[in-house]
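The structure under discussion appears below in the form of structure tokens.
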Amino acid sequence: METKFLQEMVQGQIGYRFQNPDLLRQAFTRSSYAREKGGEDNEVLEFIGDKALDLTVIRLLVQKYGHLPKNNSGYNYLCSALLPAQREPKDRLFHCDYGEGHLSRIKSRMVCKKTLAGRMDELGFAQHLMMGKGDIQNHIDQEDSVKEDLFEAIVGAVALDCGWNLDTIQSVVEAMLVPEDFFQDDTDTNYVRLIQEREMEANGCLPWYKFEKAPYSYNWYTAQENIIYATPSTDYAKLQYRCYLKLLDTPIFCSFGASVREARMAACKRAYSYLDDHGLLFTIRDEIENPSRDAAINQLETLSRRGYFSLPSYSFTLKHDKNGNPLWTCVCHIEEEAYNFIETSSSKKNAKKDAAYRMLMYVLGTEE
């Protein structure tokens with residue numbers, strides 16, 4: 001965090017501009033560096049950020065799964081007071097789709113060491129830690145606990161800089177954490193994760209994001225011809241954030257939203273549509289370079305390991321023809337697929353290969 005460029009890069013990625021940039025620099029300062037060079041380290045910022053992160057994630061979960069009392073607004077409260085007999089008691093109580101234990105498990109996954117460290121890798125922040133000579137020699141910046149500390153220190157620095165504004169802290173956490181990965185029973189497609197997976201598969205790198213907070217302006221929508229804009233919702237007053245998204249082999253995408261999370265999802269959805277329209281999506285067909293009968297069993301297993309479907313199962317029956325010769329019948333079954341494929345051969349191995357090959361052609365959507 002020694003250069004102005006790095007500070008601008010980090011602030012763009014987290015969607016927050018520091019009033020006091022020294023706090024951001026401090027968030028990247030390990031105690032080993034402070035001992036050698038002087039100044040303050042990030043340890044207390046980690047402590048602050050840990051608590052702020054917990055509260056923010058709970059807030060996110062409540063917003064996602066909770067149902068606030070209907071008498072929260074002045075109008076509903078007045079109706080409740082005037083017509084108490086017509087109001088159900090439960091309307092004035094908070095209830096939630098999940099219980100405490102289930103919410104605790106979701107929260108634990110969202111803030112665990114592996115998650116926070118992984119996001120520091122994805123954002124490319126850990127490589128900019130300021131460390132003492134011993135830490136550098138021991139490659140301390142590669143340890144998950146150090147990356148977790150950095151995540152929390154950044155949140156802590158934001159909390160202090162914004163005066164503990166919960167909406168601001170939540171916006172930064174949403175930008176850094178990608179909560180959509182952890183929300184359950186969500187019927188919406190997670191375009192953020194789809195775009196990340198595609199970019200890794202196609203270009204071996206991660207998408208680049210930049211967030212800005214400012215009210216929506218029509219001028220943004222028309223000012224730059226080299227940017228592809230996502231069509232904003234008609235409720236322009238709620239559009240307080242914009243997100244820029246750049247992939248290695250595409251133009252820049254820009255979208256708007258009521259939150260960082262909403263703006264990012266809209267940008268990724270627009271990018272996904274662009275990739276689909278231009279034949280640039282990485283599909284299951286790209287996984288198998290040369291599908292073949294002899295390799296079909298292993299190729300199906302490869303697709304399974306990569307998460308396209310569960311492991312194939314095979315069942316066999318043995319009969320004999322009128323001359324007493326064996327006839328092996330193999331059924332290839334994949335739980336997520338609509339069809340089983342059945343093949344018969346005098347060899348058990350060949351029957352399995354044939355059934356696997358037909359299944360492979362089916363999941364790849366390829367005509368034989």
Side-chain angles (χ1 to χ4, degrees), residues 98 102 105-106 109 114-115 118 178 180-207 247-249 268-269 271-368:
Y98 295 115
H102 195 84
R105 288 190 290 273
I106 300 175
R109 289 195 297 271
K114 182 179 179 181
T115 296
V178 190
E180 294 86 356
D181 287 345
F182 306 94
F183 290 159
Q184 299 183 0
D185 302 329
D186 201 332
T187 57
D188 294 331
T189 303
N190 188 349
Y191 289 101
V192 175
R193 188 52 59 188
L194 288 176
I195 287 296
Q196 178 163 316
E197 291 172 354
R198 183 269 173 191
E199 187 69 347
M200 285 299 297
E201 292 284 1
N203 298 314
C205 59
L206 291 158
L247 308 177
L248 197 61
D249 52 355
C268 289
K269 185 176 182 179
Y272 191 88
S273 175
Y274 175 92
L275 293 170
D276 194 19
D277 291 344
H278 290 77
L280 296 173
L281 282 177
F282 193 90
T283 69
I284 189 173
R285 296 186 189 183
D286 300 308
E287 296 279 7
I288 304 298
E289 196 168 319
N290 296 301
S292 69
R293 173 185 175 276
D294 287 339
I297 297 170
N298 289 334
Q299 289 171 339
L300 280 177
E301 289 183 4
T302 295
L303 294 174
S304 173
R305 288 196 299 272
R306 292 178 182 173
Y308 287 97
F309 42 72
S310 57
L311 275 172
S313 63
Y314 301 91
S315 58
F316 300 90
T317 57
L318 174 61
K319 294 183 178 179
H320 294 82
D321 64 18
K322 60 182 179 180
N323 297 319
N325 298 313
L327 291 175
W328 285 96
T329 298
C330 175
V331 178
C332 179
H333 170 73
I334 292 177
E335 185 177 348
E336 294 83 0
E337 300 299 336
Y339 300 103
N340 296 330
F341 289 92
I342 305 170
E343 289 294 324
T344 300
S345 173
S346 59
S347 162
K348 184 177 181 181
K349 180 186 292 186
N350 286 336
K352 184 177 181 180
K353 283 183 179 181
D354 291 339
Y357 183 65
R358 287 194 61 198
M359 178 63 82
L360 178 65
M361 293 296 99
Y362 172 74
V363 297
L364 293 178
T366 304
E367 297 292 334
E368 296 188 50

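The analysis underlying the following values was restricted to heavy atoms, covering all of them including side chains, and did not include hydrogens, waters or symmetry mates. Since the structure is predicted, the reported quantities are computational estimates derived from the model, not experimental observations.
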First locate atom [atom1] of [X], then atom [atom2] of [Y], and finally report the distance between them rounded to the nearest 0.5 Å.
X      : Y      : atom1 : atom2 : answer
Cys330 : Glu343 : SG    : CD    : 9.0 Å
Ser273 : His278 : OG    : NE2   : 9.5 Å
Ile342 : Thr329 : CD1   : OG1   : 8.0 Å
Ile195 : Leu275 : CD1   : CG    : 5.0 Å
Cys268 : Leu194 : SG    : CG    : 9.0 Å
Cys332 : Lys352 : SG    : NZ    : 9.0 Å

Q.
Could you go through Leu280 and Leu247, starting from their C-alpha distance and side-chain angles, then the distance that decides it, and tell me whether this counts as side chain to side chain contact (heavy atoms under 4.5 Å, CB included)?
A. CA-CA 11 Å; Leu280 296 173; Leu247 308 177; over 6 Å; no
Q: Using only heavy-atom distances, determine whether the side chains of Tyr308 and Glu287 contain a donor-acceptor pair under 3.5 Å.
A: yes
Under 3.5 Å, side-chain donor or acceptor atoms of residues 290-303 against the rest of the protein: list the pairs with distances, not counting sequence neighbours.
unit_1 : atom_1 : unit_2 : atom_2 : d
Ser292 : OG     : Ala295 : N      : 3.3
Arg293 : NE     : Asp354 : OD1    : 2.5
Arg293 : NH2    : Asn350 : OD1    : 3.2
Arg293 : NH2    : Asp354 : OD1    : 3.4
Gln299 : OE1    : Ser292 : N      : 3.3
Gln299 : NE2    : Asn290 : O      : 3.0
Thr302 : OG1    : Asn298 : O      : 3.0
Thr302 : OG1    : Arg305 : NH2    : 3.3

Q.
Just to verify, what does Arg105 make a salt bridge (Lys or Arg N to Asp or Glu O under 4.0 Å) with, not counting sequence neighbours?
A. none
Q | Test salt bridge (Lys or Arg N to Asp or Glu O under 4.0 Å) applied to Asp321 - qualifying residues, sequence neighbours left out | A | none
Q: With sequence neighbours excluded, give me every salt bridge (Lys or Arg N to Asp or Glu O under 4.0 Å) pair touching residues 194-204.
A: Arg198-Asp249
Q) With sequence neighbours left out, which residue pairs that include part of residues 330-342 fulfil the salt bridge (Lys or Arg N to Asp or Glu O under 4.0 Å) condition? A) none
Q | Exceeds 12 heavy-atom contacts within 6.0 angstrom, atom NZ of Lys269 | A | no
Q.
Show the nearest heavy-atom pair for residues Pro312 and Ser304, with the distance to one decimal.
A. CD-CB, 4.4 Å
Q | Pairs where residues 327-354 contributes a residue and the test ring-ring contact (aromatic ring centres under 6.0 Å, His included) is met, not counting sequence neighbours | A | Tyr339-Tyr362, Phe341-Tyr362
